[in-house]
Amino acid sequence: MASVDLKNISKSYGALGVIHDISLAVGDGEFIALVGPSGCGKSTLLRMIAGLEEITEGEILIGGKVVNGMTPRERNIAMVFQSYALYPHMTVAENMGFNLKLAGHSKDVITQRVAEAARMLDLGKLLDRKPSQLSGGQRQRVAMGRAVVRNPAVFLFDEPLSNLDAKLRVQMRSEIKTLHQKVRTTSVYVTHDQIEAMTLADRVVVLNQGRIEQQGTPIDLYKTPANLFVAAFIGSPAMNLIEGVVDGEGDEPAARLKDGTAIRISKNRKVTRGQSITIGLRPEHIGSVNGGDVALSGRTILVEPTGAQTHVIFEVAGEQLTAVVDGEQAVGLNSSFSASVHHERVHVFDRASGIAL
Ligand code: ADP
Ligand code: MG
């Protein structure tokens with residue numbers, strides 16, 4: 001196992017800068033998720049760690065050693081991609097052992113390591129099959145097996161689950177987490193799916209346009225997003241964001257919305273009177289029975305049952321808000337809906353900079 005350190009990493013393709021001065025320390029055995037919208041530079045960053053992409057500026061260290069000049073093989077990393085790239089003419093066992101064979105390991109060692117990985121990933125019964133005889137999920141598991149047998153210092157994952165259907169994705173997600181809990185290999189996992197990032201990782205790094213917006217534990221990012229980008233990106237359904245201006249005095253500050261409605265905010269927010277702000281309300285914090293002290297009432301526009309919960313989209317002060325209520329609660333369409341939020345749960349951002357206040 002090994003730590004991974006990125007020191008002031010930048011990457012340009014010609015004049016196009018895609019990664020801008022990223023520094024990141026991944027601890028030995030840690031599971032890190034890099035999450036961000038498509039095109040923000042996740043794969044580029046991962047490929048630089050793997051040695052598949054040249055680094056324009058900065059240093060990458062694995063296990064404390066600078067690896068900038070090393071080939072992918074010398075870095076002792078294993079990468080799992082979205083496409084499994086299994087050899088169609090080889091069996092599962094042969095696919096899993098192929099890299100070990102190339103590295104000159106004996107037949108006994110290969111058989112033993114493949115058996116061990118197969119046990120870990122529940123592939124024992126499939127070892128003699130060809131890839132064409134496997135389901136998508138099984139193929140992805142073989143691709144992971146191929147990475148595991150090499151006993152690498154670091155696992156790199158690039159959206160390994162995006163080709164799978166929703167149910168299988170959730171199942172494989174649990175398997176990857178279980179696998180990490182068993183082997184504890186340092187892992188860097190790239191995804192555009194914030195739920196995947198949150199559920200898997202010890203620490204989540206949010207990327208946007210080649211820069212780190214925030215890094216922290218999943219709960220940190222959810223509870224205290226550093227800025228509007230992270231606030232809007234983390235959480236599902238997404239946080240409600242409404243523009244307002246700071247009003248009220250001293251112990252009773254409020255956000256005055258466009259139509260004049262006042263929304264009380266915590267006195268701990270560092271705001272000044274007249275400041276343009278955006279307030280953020282998590283849908284799951286807007287409840288009709290939770291005893292909040294900021295009333296929000298309006299007509300329902302859309303009612304979306306999901307089973308355990310129902311998403312209610314309703315109009316307040318000319319804004320559309322989403323609330324998450326208990327699935328047992330009957331909510332009619334185009335009817336009046338009364339809810340509330342506690343003022344301490346109202347997020348506040350400076351509108352110009354997007355920074356949390
Ligand atoms: P992500 O994986 O987050 O979707 P990528 O790392 O693939 O993003 O790409 C980041 C940016 O770099 C994108 O704007 C993409 O178009 C650009 N890019 C990636 N590879 C190349 C390349 N070989 N040449 C030029 N631009 C590239
Ligand atoms: Mg990518």
Side-chain angles (χ1 to χ4, degrees), residues 4-24 26 31-60 62 67-68 71-72 75 77-86 136 139-140 143-144 146-147 152 154-166 168-169 172-173 176 186-201 203-216 218 221 225-236 238 354:
V4 176
D5 291 285
L6 309 186
K7 293 192 173 166
N8 306 101
I9 295 296
S10 295
K11 173 73 183 176
S12 310
Y13 291 105
L16 177 72
V18 296
I19 298 290
H20 309 279
D21 195 22
I22 283 188
S23 293
L24 178 67
V26 185
F31 197 119
I32 285 268
L34 300 178
V35 66
S38 178
C40 72
K42 305 181 294 294
S43 294
T44 304
L45 202 54
L46 203 69
R47 289 169 58 80
M48 285 194 282
I49 300 172
L52 300 169
E53 201 75 68
E54 214 166 289
I55 301 161
T56 308
E57 261 180 74
E59 278 185 336
I60 295 182
I62 298 179
V67 298
N68 287 42
T71 65
R75 295 182 191 201
I77 46 94
M79 199 151 169
V80 183
F81 301 92
Q82 178 179 343
S83 58
Y84 335 109
L86 301 177
R139 284 180 208 171
Q140 189 54 278
M144 290 203 318
R146 197 173 43 183
V154 181
F155 279 131
L156 303 176
F157 298 91
D158 194 350
E159 313 230 12
L161 308 184
S162 14
N163 275 350
L164 305 177
D165 66 52
L168 204 50
R169 208 154 55 220
M172 288 298 291
R173 193 173 79 193
I176 291 175
T186 310
S187 301
V188 182
Y189 188 103
V190 157
T191 176
H192 65 276
D193 180 342
Q194 52 105 10
I195 301 278
E196 216 169 277
M198 300 274 280
T199 51
L200 275 170
R203 198 146 51 93
V204 177
V205 179
V206 181
L207 288 181
N208 180 29
Q209 299 186 349
R211 291 186 172 84
I212 294 179
E213 292 278 355
Q214 189 176 2
Q215 51 175 301
L221 298 190
N227 53 50
L228 272 172
F229 182 86
V230 177
F233 195 80
I234 300 287
S236 177

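First listed ligand is number 1; within each ligand, the first listed atom is number 1.
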Take atom 25 (C) of ligand 1 and look for protein heavy atoms under 4.0 Å from it; say yes if you find one, no if not.
yes
With a 4.5 Å cut-off on side-chain heavy atoms, are [Y] and [X] touching?
X: L45; Y: L6; answer: yes
X: R146; Y: L86; answer: yes
X: E159; Y: E196; answer: no
X: I212; Y: L207; answer: yes

Under 3.5 Å side-chain donor-acceptor pair for Q214 and N227
no
Given that the side chain starts at C-beta and the backbone is N, CA, C, O, which of these parts of T44 lies under 4.0 Å from ligand 1, counting heavy atoms, or is it both or neither?
both
Quick check: does C40 get an N/O under 3.5 Å from an N/O on ligand 1?
yes
Which word best sums up how the rings of F157 and F31 line up, parallel for under 30°, tilted for 30 to 60°, or perpendicular for over 60°?
parallel
Looking at [atom], what's its closest protein heavy atom, distance included?
atom: atom 17 (C) of ligand 1; result: V18 CG1, 3.9 Å
atom: atom 22 (C) of ligand 1; result: Y13 CE2, 3.4 Å
atom: atom 8 (O) of ligand 1; result: G41 N, 3.3 Å
atom: atom 7 (O) of ligand 1; result: S43 CB, 3.8 Å

Could you check whether any side-chain N or O of N8 sits under 3.5 Å from a backbone N or O of E59, counting only pairs where one atom can act as donor and the other as acceptor?
no
With respect to the Mg ion (ligand 2), please indicate if S43 possesses an N, O or S atom at a distance under 2.8 Å.
yes
Give the single entry among S38, G14, G39 that approaches atom 10 (C) of ligand 1 most closely by any heavy atom.
G39
